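All values reported here derive from a predicted model rather than from experimental measurement. Whatever order the structure lists them in is the order used to number ligands and atoms, beginning at 1.
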Amino acid sequence: MKNPYVTCTVDSDVAVITMNKPPINGLGAELRSGIVEALDEAVANTAVKAIVLTGTARAFSGGADVTEFGTPKASREPNLRVVIAALDDSPKPIVAAIAGQCLGGGLELALGAHFRVALADAQLGLPEVKLGLLPGAGGTQRLPRLIGLEAALNIIVYGSPVAAAKFEGTPLIDEVVAAGGDLLAAATAFARKVVAESRPLKRARDLKVREPAADALLQFARNMVAAGAKNFPAPLACVEAIANSVGKPFDEGLRLEREGFMTLMNTPESRALRHVFAAERAAAKLPDVPADTPLRNIAKVGVIGAGTMGGGITMNFLNAGIPVVLLEAKQEALDKGLGTIRKNYENSMKKGKLTPAQVEQRMALVTPTLNYDAFRDADLVIEAVFESMDVKETVFRTLDEVCKPGAILASNTSYLNLDKIATFTQRPQDVIGLHFFSPANVMRLLEIVRGAKTAPDVLATSMALAKKIKKIAVVSGVCDGFIGNRMLARYGAAAGGLINAGALPQQIDGALQKYGMAMGPFRMGDLAGRDSGWATRKRKAAEAGVEMKPLVADRLCEAGRFGQKTGAGWYRYEAGKRDPIPDPVTETLITQYRSENGITARKVSDAEVVERCIYALVNEGARILEEGIAARASDLDIVYLNGYGYPLHRGGPMLYADIVGLPNVVRALRRFAAEPGADPSWQPAPLLVRLAEEGRSFN
Ligand code: NAD
């Protein structure tokens, strides 16, 4: 046979069909047709008494071929269900020999074989639920018949892979081979044993799910997922599909499984999860930085400033086993910063996440210092000092003097112009922004800010490093606030506008939280501290040479209400507590502001709150794309999902706009822009208008 990915060799009475499509035997069109072709050949060969189906050491099969998603190849016949039925129907025994990944459609394929032999450490799983789907090629019907109802529920509803060794003694795995053992030899020997003993073919479809307490178990599962996955329909649909394996004939169960799969495929939640899956992979690629760009070695890191951010940034590297030199201006600040790091680790220890030895190992990797000389052999230095251009200037001039050639010099600035910071050195090509999010040891997002002169290998090294410290990196160009905070400014302004118009902070926060935001903008601002926004507004007014017209937010700051840290901001807080309590003082300030500005309060609906705030994000996102600050719309979604508490089931603001329909977004923005005294930023971005007119979308 001639298939690029499948070979069929006959070893006297056993045919071995091998799938070999790097990297993980994704079940694309050619691989599928190759399996059927090889099977037909083996069945037709009278010398062959049994068949072994296997993959590579890395993967039996990782499932569907993601590169074929959305292309005609994905639906080319034979589809996966047909391939599995062909295995199932084979008159000769088929043994799946499983090593490495055996996931999703890959596991469903293996379930179509009559027997399975696996390496102990092979990873078996049905992760479809993580993409908002259910296993659509028999997994929900065959797996419970092979491992029982409870185990199947756990695997299908949560989607996490399990080592094959865990299934020893169940009809799922007939023989476990020690990790590193000769899988093919064991599978071939097993196939011969089946023939010699004339064992009947064990078809999963013919088995019965044995579970006396099935109803109670299924009800328990329904209750669990209703409580735990309220924004996602897939987990419950998985439970219902599995329930059919108990109550319905196999073919009926398969038909309903397929129906459930197609229904889920069309839900916005599955669309969001599949979008995020693809977006995370896309974010790692930069059109003008080739994947084979040589990387700089990062064996030692320097961090300047042991405050809120510097401490958290340091922990990321300690966690990854990379030594850090931590510099402060004063001993007192250094001691305090180190104390906080230790306290964080000890809290993890109390929760059982770290052993005492691990805490000490991590603390031993940090070298505190007051002296820049300690940076002489650092490969990367990240500054997290005060957000002031003057302070950053002193820091970068000093770094330029002491750091070795080739060291990467990074700033954690939130807003300041990175290109200007780069001019404080003689090596702007080595300067980059590494914008962590607070708390930096927890938040997954890292905005990598690319200056006009940042070298490609500095960029590539930073992206590789992000992966090493388990961050998801998105590259941003230089602009005020970069991607995330620039969009946030418009979102905050939209929320502020609603306050002026007639809403209260608690209504706006409530409406956005109902939409799914982890926290509304006023609660979030109170948590982060209001003073830095106030300082930024003052700085911008000064830069523009205009007198600042105070907003309600500024009045709060003038009254010393900086948020949780001062016990009051938009809300008030009881000592030691974080629950926001609506405050009449705030309401008075708002009412005063309205009367000073001749505004009559009007009723604002929750739908309007969501529309204005989310479309403000979308509109600024479109400007960011148009200016080339971000490479693709899905990068903005990744920023919002991982740095700003945007709800996963919405897939990010840009995908949300696509789902709502860009013409609808444009129409709403035009309506806002046409209101008397409207801020000009409500004008829809030209890119948004163009895409809407051309019937296109962001993604
Ligand atoms: P912070 O005030 O908590 O910490 C700053 C630390 O830097 C202090 O401990 C201070 O003693 C030290 N420092 C100041 N000048 C120094 C100098 N010349 N040399 C050595 N140490 C010096 O501030 P932060 O919130 O950690 O912010 C630091 C930077 O990170 C700022 O640029 C800020 O914009 C940015 N950032 C902050 C957040 C946040 O949520 N807090 C998020 C992202 C980025």
**Item:** Basic-acidic side-chain contact under 4.0 Å: E346, K343
**Value:** no
**Message:** Less than 4.0 angstrom from a charged side-chain N to a carboxylate O is my criterion; do R539 and E387 meet it?
**Reply:** no
**Message:** Under 4.0 Å, heavy-atom basis, I'd like to know which part of V391 is in contact with ligand 1: side chain, backbone, both or neither.
**Reply:** side chain
**Complete:** Checking heavy atoms under 4.0 Å, the part of T394 that sits near ligand 1 is neither
Backbone or side-chain N or O of [X] under 3.5 Å from ligand 1 N or O:
X	value
E328	yes
K392	yes
E387	yes

**Item:** Shortest reach to atom 36 (N) of ligand 1 by a heavy atom, considering only S438, S414, G310, G305
**Value:** S414
**Item:** Mutual orientation of the aromatic rings belonging to Y640 and Y644 [parallel < 30°, tilted 30-60°, perpendicular > 60°]
**Value:** parallel
**Prompt:** Do the rings of F562 and W534 sit parallel, tilted or perpendicular, given the 30° and 60° boundaries?
**Reply:** tilted
With no hydrogens and no angle check, just 3.5 Å: does a side-chain donor-acceptor pair link [X] and [Y]?
X	Y	value
Y573	D583	no
Y656	Y615	no
Q513	R523	yes
N371	T369	no

**Message:** Check for me whether F437 has a heavy atom closer than 4.0 Å to any atom of ligand 1.
**Reply:** no
**Asked** If you measure from each heavy atom of A384 to ligand 1, is any distance below 4.0 Å?
**Response** yes
Protein heavy atom at shortest distance from [atom]:
atom	answer
atom 22 (C) of ligand 1	V385 CG1, 3.5 Å
atom 27 (O) of ligand 1	M309 CG, 3.9 Å
atom 30 (O) of ligand 1	N412 ND2, 2.8 Å
atom 2 (O) of ligand 1	F386 CE2, 3.4 Å
atom 20 (C) of ligand 1	A329 N, 3.4 Å
atom 25 (O) of ligand 1	T308 CB, 3.7 Å
atom 43 (C) of ligand 1	F436 O, 3.1 Å
atom 4 (O) of ligand 1	G307 CA, 3.3 Å

**Message:** I'd like to check which ligand 1 atoms, numbered from 1 as shown, lie under 4.0 Å from a non-hydrogen atom of H435.
**Reply:** 43 (C), 44 (C)
**Fill in**
salt bridge (Lys or Arg N to Asp or Glu O under 4.0 Å) test vs K404 passes for just one of D430, D377, D379, namely D379
**Message:** Which residue in the set K538, R537, R530, K549 passes salt bridge (Lys or Arg N to Asp or Glu O under 4.0 Å) when paired with D554?
**Reply:** R537
**Item:** Between CG on residue L589 and CD1 on residue I499, distance to nearest 0.5 Å
**Value:** 11.0 Å
